Amino acid sequence: MHAHPDDEAIWTGGTLARYADEGATTAVVTCTGADTPQRVEELERSLEILGAGKPRLLGYAGLSTGAPRFREAPFDEAVGRVVEHIREFRPDIVITYDGYGAYGHPEHVHAHRVTVAAVEAAGYDQLYRDAGTPWRPRALYLATLPRSVVLAQWQAVFGAPPEPGQTLPGVPDEEITTRLDVGPWAERKLAAMHAHDSEVKRGGSLTMLLSLPDDMLALGLNNEWYRRLSYGGPRESALSAGQGEGEAFIGGVKDGEFDFPA
């Protein structure tokens, strides 16, 4: 679940490519972009690179006009649209941003709130009764950044630590429950980012990310970080236990993989 076309590549591109290659069926629901055909075409190319199927659009507009704005739509309406996708796709695991929207973007924050509500509501037969057969995902993962990585990237970009009191993205390192090694899929992740050519040319956050020093860019391309919330079963059931003795724990959870059932 992402707010905009390009977020699927930036925040979860490695995860999508990795698990598509490992046999999982993946999909991306995008909240905005319905009013911009070029961005939808770019999203389609990105998803093809990542093996994540065809675009699933909620039908809301981003910055331009011509369709209802995502943040202005009734909350229950937006939740219901996401519930439909969850019940149709029947995912084991749902991914969206953390509660700060990864870096504070208002539409990311709103996407987080809508997704959390939809993941909970999708399992109740009393709610959204016309949206399909109830389905409860086993876990919700929140894409985020460890604070140590944020500080390193800040120093690399600005040449100095942040000012005291500066609001920063990410969460304390100990709150990270899962770090995925997506290094073997980094080139595909980067290609998916570049598929969003209009955003690269616009000079927004994607351009800023791609202009990071090589070592900082590689850090973000090769790793993806999450906080995990449980829904459908015990905490350990959704993470791979096959990491071997001595493997690092992060936040009390094995560092390594999501565990998809056969």
Side-chain angles (χ1 to χ4, degrees), residues 1-5 7-20 22-32 43 46-47 50-60 70 75-102 107-125 127-128 131-144 171 175-180 182 224-240 251 253 257-261:
M1 274 294 306
H2 285 293
H4 313 106
D7 289 328
E8 81 291 334
I10 294 170
W11 296 99
T12 56
T15 300
L16 290 167
R18 171 174 171 167
Y19 282 99
E22 293 184 3
T25 303
T26 61
V28 173
V29 177
T30 307
C31 299
T32 69
L43 174 62
S46 173
L47 294 179
L50 300 174
K54 298 295 184 182
R56 291 171 171 258
L57 301 172
L58 285 196
Y60 296 114
F70 176 48
F75 186 77
D76 283 349
E77 172 195 289
V79 170
R81 292 188 184 188
V82 178
V83 167
E84 286 188 40
H85 283 283
I86 291 173
R87 290 179 177 174
E88 176 190 347
F89 188 75
R90 300 169 70 85
D92 292 295
I93 288 171
V94 175
I95 299 172
T96 192
Y97 318 96
D98 65 18
Y100 186 52
E107 288 181 330
H108 288 204
V109 173
H110 194 57
H112 164 86
R113 293 169 179 169
V114 168
T115 304
V116 171
V119 168
E120 177 67 7
Y124 286 90
D125 58 8
L127 299 174
Y128 301 101
T133 303
W135 176 260
R136 191 175 302 283
R138 291 189 301 136
L140 173 64
Y141 282 83
L142 307 180
T144 189
V171 298
E175 293 186 14
I176 299 294
T177 59
T178 306
R179 179 193 64 84
L180 282 184
V182 295
E224 290 173 357
W225 296 272
Y226 298 96
R227 290 183 58 235
R228 182 185 186 280
L229 303 180
S230 299
Y231 281 88
R235 180 182 181 86
E236 62 272 18
S237 67
L239 289 169
S240 173
V253 177
E257 302 183 8
F258 298 137
D259 174 32
F260 290 92

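Everything numeric in this text was worked out from a predicted model, so none of it was measured. Side-chain atoms are counted along with the backbone in the values below, which use heavy atoms only and exclude waters and symmetry mates.
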Query raised in the report: Considering only heavy atoms from C-beta outward, does the side chain of H4 approach that of F70 to under 4.5 Å?
Result: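 They are not in contact (no side-chain heavy atoms under 4.5 Å apart), so the answer is no.
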Report task. Flag the pair L58 / H85 as yes when at least one side-chain heavy-atom distance between them is below 4.5 Å, and no otherwise. Result ->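 Yes, at least one pair of side-chain atoms sits under 4.5 Å.
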Side chain to side chain donor-acceptor pair (under 3.5 Å) involving [X] - partner list, sequence neighbours excluded:
X	result
H110	none
R87	none
T115	none
S46	E8

Query raised in the report: Who pairs with H2 by ring pair (Phe, Tyr, Trp, His ring centres under 6.0 Å), at least two apart in sequence or on another chain?
Result: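 Here the qualifying residues are Y97.
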Report task. For T96 and M1, indicate whether the former's side chain and the latter's backbone hold a donor-acceptor pair under 3.5 Å. Result ->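 Confirmed, T96 side chain pairs with M1 backbone.
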Requested in this report: Please check if the side chain of Y128 supplies one atom and the backbone of D76 the other of a donor-acceptor pair under 3.5 Å.
Outcome: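 Flag set: sc Y128 to bb D76 pair under 3.5 Å.
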For [X], enumerate each residue passing the side chain to side chain contact (heavy atoms under 4.5 Å, CB included) test, keeping only those at least two apart in sequence or located in another chain.
X	answer
A52	L16, T26, V28, L47
R227	L142, T144, V171, E175, L229
A118	V79, V82, V83, I86

**Report entry** Charged tip of R136 within 45° of Y124 ring normal and under 6.0 Å
**Finding:**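 Judged by the rule (NZ or CZ under 6.0 Å from the ring centre, within 45° of its axis), R136 counts as positioned above Y124.
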For the residue pair [X] and [Y], what are the closest heavy atoms and their distance?
X	Y	value
R90	P134	NH1-O, 4.3 Å
A27	F89	CB-CE1, 3.6 Å
T15	E224	OG1-OE1, 2.5 Å
H108	G101	ND1-O, 3.0 Å
T30	A3	CG2-O, 4.0 Å

Query raised in the report: Who passes salt bridge (charged side-chain N to carboxylate O under 4.0 Å, His left out) against R56, sequence neighbours left out?
Result: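 With sequence neighbours excluded, R56 shows a salt bridge (charged side-chain N to carboxylate O under 4.0 Å, His left out) to E88, given in chain and number order.
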Report task. Working to the nearest 0.5 Å, report the span between CG of L180 and OH of Y226. Result ->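 Between L180 CG and Y226 OH, I get 5.5 Å after rounding to 0.5 Å.
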